Protein chains: 2
Amino acid sequence: MRVPRSAQQLLAERGIRTTRQRIRVLEALLAEPNDATAQEIYESLRKRRDRIGLATVYRTLALLSEHGVVDVLMHHPGEVCYRLCGQGHHHHLTCTGCHQVVELGDCELEPWLSSLGGVHGFTVTSHAVEVAGMCADCEKAAAS
Amino acid sequence: MRVPRSAQQLLAERGIRTTRQRIRVLEALLAEPNDATAQEIYESLRKRRDRIGLATVYRTLALLSEHGVVDVLMHHPGEVCYRLCGQGHHHHLTCTGCHQVVELGDCELEPWLSSLGGVHGFTVTSHAVEVAGMCADCEKAAAS
DNA sequence: ATAATTGCAAAGCGTTTGCACCCTG
DNA sequence: CAGGGTGCAAACGCTTTGCAATTAT
């Protein structure tokens, strides 16, 4: 799912102008196995002494999500998270303990959903599934 | 799914103190077939000349969601919607045109999801499915 | 009676925007 | 070199909180 690609390449593929800041944001996402908020990305870049404005992080993330480069996740109200994802349709399995995110491929819901939509007179255009649980490590930690 | 119940009853069932304001908020939700934001509920109550504070609406909705009386939906980033739902597990089918919401019963995902979780060493505790589409009316309107 | 609930206004938070400057293509 | 991109700080909108007055049990 998560094909390793360079930040440069990701931008070029979509015909997005490459700037130092956009590359930095993408690098931060590439280095982040889970999801991150705009603020988190901003802070991690500032810690690395990268000169970037918070507004630019927001603008870049908006741009990237418009182009389908990053996914937008909303597990908690008022918290928007971004994540660099593999191409194609997939869903997410999130650990409630440590917030690690696992991509779920092979979604088998399409047929079920479109039939369900038909019953209600809907044409189903998209669907999102967010699965929450506890990873093995967190479960162990919680037990003690 | 959506058993009609009185606002009074809903509060009493959970042992929530009944106040004029809480009943008004619940009535607004009972009258609302779809979902509504805190602000929308506040405004609809003010239009009806109900004296209620915005803060109370927020506090009441938080209370009701804690007690499982209302569902919290987040289709769009930065927009938290509340909805009075039937009991039991279900999901939502939302029209992107008119925002009407249909409750989907009989969710057949449980077995699939827990097996999927197992593969990744997760104990799946919950899942949310949000299906989006176009209802018949909006599809017609869009075609013209 | 007394503890919880309310309303208001102020504070808080994440996010967006206006504008002068800067950089990419 | 032109048009898009950036940074800063101010503006923004939604939500939460402090506190005195009010209300339910």
Side-chain angles (χ1 to χ4, degrees), chain A residues 6-28 35-67 69-70 72-83, chain B residues 6-28 35-67 69-70 72-83:
Chain A
S6 79
Q8 289 268 10
Q9 205 176 332
L10 278 164
L11 294 174
E13 274 170 13
R14 324 278 162 133
I16 303 174
R17 225 181 167 111
T18 66
T19 66
R20 178 177 55 77
Q21 292 86 338
R22 289 178 179 170
I23 289 174
R24 292 289 176 281
V25 170
L26 268 174
E27 284 175 349
D35 53 7
T37 64
Q39 310 262 354
E40 286 166 353
I41 292 168
Y42 171 71
E43 279 156 29
S44 85
L45 288 175
R46 295 296 282 227
K47 270 180 200 149
R48 285 199 226 148
R49 306 250 180 288
D50 274 320
R51 281 182 296 91
I52 192 170
L54 181 53
T56 302
V57 175
Y58 278 103
R59 286 190 275 232
T60 301
L61 289 170
L63 185 75
L64 292 175
S65 73
E66 274 168 29
H67 285 264
V69 182
V70 299
V72 182
L73 307 187
M74 296 168 286
H75 336 140
H76 309 297
E79 223 194 33
V80 185
C81 290
Y82 298 88
R83 182 159 188 282
Chain B
S6 78
Q8 289 268 9
Q9 206 177 331
L10 277 164
L11 294 174
E13 275 171 14
R14 323 279 161 132
I16 302 174
R17 224 182 169 112
T18 67
T19 65
R20 178 177 54 78
Q21 291 86 337
R22 289 178 181 170
I23 289 174
R24 291 290 176 282
V25 170
L26 268 175
E27 283 175 350
D35 52 7
T37 63
Q39 310 262 354
E40 285 166 353
I41 293 167
Y42 170 72
E43 280 157 29
S44 85
L45 289 175
R46 295 296 283 229
K47 270 180 202 150
R48 283 198 228 149
R49 306 251 181 286
D50 274 321
R51 280 182 296 91
I52 191 168
L54 181 54
T56 303
V57 174
Y58 277 103
R59 286 189 276 234
T60 301
L61 288 170
L63 185 75
L64 292 175
S65 73
E66 274 167 30
H67 285 264
V69 181
V70 300
V72 181
L73 307 188
M74 294 169 287
H75 335 138
H76 308 299
E79 225 195 31
V80 185
C81 291
Y82 297 88
R83 183 161 189 282

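Throughout, protein chains are lettered first and strands after them, A, B, ... in sequence-line order, and every chain is numbered starting at 1. Bear in mind the structure is a predicted one, so any value in this text is a computation, not a measurement.
Under 3.5 Å, the side chains of A/Glu40 and A/Tyr82 contain no donor-acceptor pair of N or O atoms.
Proximity of A/Thr18 to the phosphate of C/dG25: a side-chain N or O atom is located under 4.0 Å from OP1 or OP2. For the OP1/OP2 pair of C/dG7 and a distance below 4.0 Å, the side-chain nitrogens and oxygens of B/Gln21 include at least one atom meeting the criterion.
Comparing B/Thr19 and A/Ile16 against DNA chain D, the residue whose closest nucleotide sits nearer the 5' end is A/Ile16. A residue-by-residue look at A/Arg20 and B/Arg20 shows that B/Arg20 has its nearest nucleotide of DNA chain C further toward the 5' end.
In plain terms, the two heavy atoms of B/Thr37 and B/Cys81 that are nearest each other are CG2-SG, 3.9 Å. Closest heavy-atom contact between B/Gly78 and A/Val80: N-CG2, 4.3 Å. Listed here is the closest heavy atom pair of A/Leu45 and A/Ala28: CD2-CB, 4.2 Å.
Between the CD1 atom of A/Ile23 and the P atom of D/dT6 there is a distance of 11 Å, rounded to whole Å. As rounded to whole Å, 16 Å separates atom C1' of C/dG7 from atom CZ of B/Arg24. Whole-Å rounding puts the A/Glu79 CD to C/dG12 C1' distance at 16 Å. Distance CG (B/Leu11) to C1' (D/dA24): 13 Å, rounded to an integer number of Å. Rounded to whole Å, atom C1' of D/dT6 lies 15 Å from atom CG of A/Leu61. B/Arg22 places its CZ atom 11 Å from the P atom of D/dA24, with the value rounded to the nearest Å.
Using a 4.5 Å heavy-atom threshold, the side chains of A/Val69 and A/Leu26 count as touching. The side-chain heavy atoms of A/Arg22 and A/Val25, taken from C-beta on, include no pair separated by under 4.5 Å.
Among the atoms of the strands shown, base atoms are found under 4.0 Å from some heavy atom of A/Gln39.
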Extract all donor-acceptor atom pairs below 3.5 Å that involve side chains of residues 48-57 of chain B and protein atoms in other chains or at least two apart in sequence.
from: B/Asp50; atom 1: OD1; to: B/Arg24; atom 2: NE; distance (Å): 3.1

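Contacts between residues 41-60 of chain B and DNA chain D, defined by a heavy-atom separation under 4.0 Å, are made by B/Leu54, B/Ala55, B/Tyr58, B/Arg59.
For B/Arg17 and C/dA4, a side-chain-to-base donor-acceptor distance below 3.5 Å is absent, hydrogens and geometry of angles not being considered.
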